[in-house]
Amino acid sequence: MNDPLHLAHGLAGDNTLPDWPMLTAAEVDTLLRGYPQLGTSVRIDWHSPRPLSAACLVETSRATVFVKRHHCSVRSVGTLGEEHRFIAHLRGNGIPIPAVLSDAHGQTAVAIGDWTYEVHEHAAGIDLYREAISWSPLPNREHARSAGRMLAALHDAAESHHAPQRDTHILVARSELICSPDPVAMLRAQLPARPGLADYLQDRDWPTDLAELLAPWHAAAQPRLARQPRLWTHGDWHVSNLCWSGDSANARISAVLDFGLAAANGALFDLATAIERNAIAWLALDTGTDAAHPDIACALIEGYRQQRPLNAADIQLLADLLPLVHVDFALSEVEYFHAITHSRANADVAYDTFLRGHAAWFGTPPGQALLRAIRDGT
């Protein structure tokens, strides 16, 4: 089903066959017949290398649009609607996000067979970091500062978005486990409704693993984390999800992309995620290269504070939260790889390298140095 000429970003920073077949011209043409405002599709200009869905840029006789396709086991029409309502709210409050287009029936998510589709306006500006792999560090301090400011602006706009939590755990960035006073008990209570994750975990001593990875951090952070105001968050604030007015250091952010991981969490959770995504070279941990980029972490925080205040207690909680921020999402990846794409190897990477390995890294000298830099603001 997969075209061997189209490769996706792999978990080891390599290029690999994607989880899902690439979009075809015939498939896109069938979909876009439901969008008469776009005219007829002409050609596919680019296929996204992101691995968890299939997406492409399509030129039509009237516009260029971004088409994204999910398997129905990952996103239903209703689940996509949660993201689209959040996007519409943020756009209405001034955040530069490409509009999600409605079809002739007024729907922004379309189900055809086993697939769920969405069509977005083409993002304004330059997709400067389009080929950057997730969790690859941002090389530009000024861009990090701009990214921090825009994230804070998004949080300001999100404060008036009142919606229930996502109806799925699959590939969304949630924080219920780390906010709970007893994450092991909470995950045990979730498992009957998450049979794919339960099936994987039956071969693991997961209560011990989870208790061990949480132990150095959770007791200190959880009471303060649980008191944080609830806020819908982006969930994947990496520069590959931002477009820019140019490639200079003073370029402005022209578009914010990809709300697929969005969920109801809190502002510091999203800022910690941004640091985890942009300031640590996770794929270089075994190469001897310096993985931590405290200058980028501090620039993100500096930019954020220019738009939205953070007090000293916020900064301390941000540092304490950083080793925990990935936990819920890592388990969602385990569930996705084991139960949906049926890749035991990738599920093992999500569990061992992501869930356990990322938390353990913060106990190493480089990890501790990054946390000190955040606390000290240096």
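Summarising the geometry of Leu370 relative to Ala297, their closest heavy-atom pair is CD1-CB, 4.0 Å, with the distance given to 0.1 Å. In this structure, Ala221 and Leu317 approach most closely via the heavy-atom pair O-CD1, 3.9 Å. Contact detail for Gly246 and Leu128: the closest heavy-atom pair is O-CD2, 3.8 Å. Looking at every heavy atom in both residues, Pro223 comes nearest to His218 through CD-O, 4.5 Å. Closest approach of Gly78 and Arg85 over heavy atoms only: O-NH2, 4.4 Å. Residues Leu23 and Ile44 come closest through the heavy atom pair O-CD1, 3.8 Å.
Residues in residues 88-107 take part in these ring-ring contact (aromatic ring centres under 6.0 Å, His included) pairs, two or more places apart or across chains: His89-His161. Evaluation of the ring-ring contact (aromatic ring centres under 6.0 Å, His included) test over residues 183-215, restricted to residues two or more places apart or in two chains, returns Tyr200-His338, Tyr200-Tyr351. Residue pairs that meet the salt bridge (Lys or Arg N to Asp or Glu O under 4.0 Å) test with at least one member in residues 87-114, sequence neighbours left out, do not exist here. Within the structure, side chain to side chain donor-acceptor pair (under 3.5 Å) pairs that include any residue of residues 21-39 comprise Glu27-Arg69, Glu27-Tyr117, Asp29-Arg33, Asp29-Ser41 (at least two apart or interchain). Applying the side chain to side chain donor-acceptor pair (under 3.5 Å) definition to pairs two or more places apart or across chains, those involving residues 248-261 are Lys68-Asp258, Ser248-Asn250.
Side-chain heavy atoms closer than 4.5 Å link hydrophobic residues (I, L, V, M, F, W, Y) into clusters, and following such links, possibly through other members, connects Leu213 to Leu191. No path of Ile, Leu, Val, Met, Phe, Trp and Tyr side chains, each step under 4.5 Å between heavy atoms, connects Leu57 with Trp244, placing them in separate hydrophobic clusters. In this structure, Leu318 is a member of the same hydrophobic cluster as Met150, with clusters built from ILVMFWY side-chain heavy atoms closer than 4.5 Å. Both Trp282 and Val239 are part of a single hydrophobic cluster, where members link through side-chain heavy atoms under 4.5 Å apart. Phe329 and Val172 fall into different hydrophobic clusters, where Ile, Leu, Val, Met, Phe, Trp and Tyr are joined by side-chain heavy atoms under 4.5 Å apart, directly or via other members.
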### Query
side-chain contact (heavy atoms from CB on, under 4.5 Å) between Val119 and Leu38: does it pass, once the steps are laid out?
CA-CA 11 Å; Val119 181; Leu38 296 178; 4.3 Å; yes
### Query
Please walk me through it: do Val110 and Val77 pass side-chain contact (heavy atoms from CB on, under 4.5 Å)?
CA-CA 6 Å; Val110 177; Val77 167; over 6 Å; no
### Message
Would Asp320 and Arg375 count as a salt bridge (charged side-chain N to carboxylate O under 4.0 Å, His left out) here? Give the steps.
### Response
CA-CA 9 Å; Asp320 292 343; Arg375 293 188 180 104; 2.7 Å; yes
#### Entry: Pair Ile178-Leu321, side-chain contact (heavy atoms from CB on, under 4.5 Å): steps then yes or no
CA-CA 9 Å; Ile178 62 173; Leu321 172 60; 3.7 Å; yes
### Task
Show the numbers, then the answer: is there a salt bridge (charged side-chain N to carboxylate O under 4.0 Å, His left out) between Arg204 and Asp352?
CA-CA 11 Å; Arg204 294 282 193 163; Asp352 291 315; 2.8 Å; yes
### Message
For a ring-ring contact (aromatic ring centres under 6.0 Å, His included) check, start with the C-alpha distance between His155 and Tyr304, then their side-chain angles and the critical distance, and finish with the verdict.
### Response
CA-CA 10 Å; His155 290 166; Tyr304 191 95; 5.6 Å; yes
### Task
Output, in order, the C-alpha distance, side-chain angles, deciding distance and verdict of side-chain contact (heavy atoms from CB on, under 4.5 Å) for Arg305 and Ile315.
CA-CA 11 Å; Arg305 296 178 95 164; Ile315 296 299; 3.8 Å; yes
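Here the straight-line distance linking atom SG of Cys56 with atom CZ of Phe66 works out to 7.5 Å at 0.5 Å rounding. Of the inter-residue distances, the one linking Leu261 atom CG with Arg174 atom CZ reads 12.0 Å to the nearest 0.5 angstrom. Annotation: the span from Ser175 atom OG to Asp328 atom CG amounts to 6.0 Å, rounded to 0.5 Å. Here OH of Tyr336 is found 9.0 Å from CG of Asn346. Values are rounded to the nearest 0.5 Å. Distance CD/Glu212 to CG/Asp205: 8.0 Å, rounded to 0.5 Å. Separating the CG atom in Asp290 from the CD1 atom in Ile280 is a distance of 13.0 Å, to the nearest 0.5 Å.
Listed by chain and residue number, nothing satisfies the side-chain hydrogen bond (donor to acceptor under 3.5 Å, both in side chains) test with Asn140 (two or more places apart in sequence, or in another chain). Arg149 meets the side-chain contact (heavy atoms from CB on, under 4.5 Å) test with Arg145, Ser146, Gln306; sequence neighbours excluded. Listed by chain and number, the residues in a side-chain hydrogen bond (donor to acceptor under 3.5 Å, both in side chains) with Glu83 are Arg75, Arg166 (sequence neighbours excluded). Partners of Gln368 by side-chain hydrogen bond (donor to acceptor under 3.5 Å, both in side chains), not counting sequence neighbours: none found. Residues satisfying the side-chain hydrogen bond (donor to acceptor under 3.5 Å, both in side chains) criterion with Glu118, sequence neighbours excluded, are His70, His84, His120. Looking at residues two or more places apart in sequence or on another chain, you find no ring pair (Phe, Tyr, Trp, His ring centres under 6.0 Å) involving Trp217. In this structure Ser76 satisfies the side-chain contact (heavy atoms from CB on, under 4.5 Å) test together with Thr79, sequence neighbours excluded.
Glu176 and Gln165 form a side-chain donor-acceptor contact under 3.5 Å, judged by distance and modelled atom types alone. For the residue pair His238 / Tyr129, no side-chain donor-acceptor distance below 3.5 Å is found, with atom types taken as modelled.
Contact check for Ile112 versus Leu31: side-chain heavy atoms found under the 4.5 Å cut-off. For the pair Ile275 and Leu322, the minimum side-chain heavy-atom distance is below 4.5 Å.
With Ser180 contributing its side chain and Leu177 its backbone, the two residues share no donor-acceptor pair below 3.5 Å. A donor-acceptor contact shorter than 3.5 Å is absent between the side chain of Arg277 and the backbone of Asp236. Proximity of a side-chain donor or acceptor of Thr233 to a complementary backbone N or O of Ala263 within less than 3.5 Å is detected. Looking at Asp209, its side chain never comes within 3.5 Å of a backbone N or O of Arg356 through a donor-acceptor pair. Between the side chain of Asp314 and the main chain of Leu268, no donor-acceptor pair closer than 3.5 Å is present. Listed for the Asp199 side chain is no donor-acceptor partner under 3.5 Å among the backbone atoms of Pro195. Under the 3.5 Å distance criterion, the side-chain polar atoms of Asp270 are left unmatched by any main-chain donor or acceptor of Ala267. Under the 3.5 Å distance criterion, the side-chain polar atoms of Trp20 are left unmatched by any main-chain donor or acceptor of His71.
Checked against the 6.0 Å centroid criterion, the rings of Trp237 and His234 qualify as a close aromatic pair.
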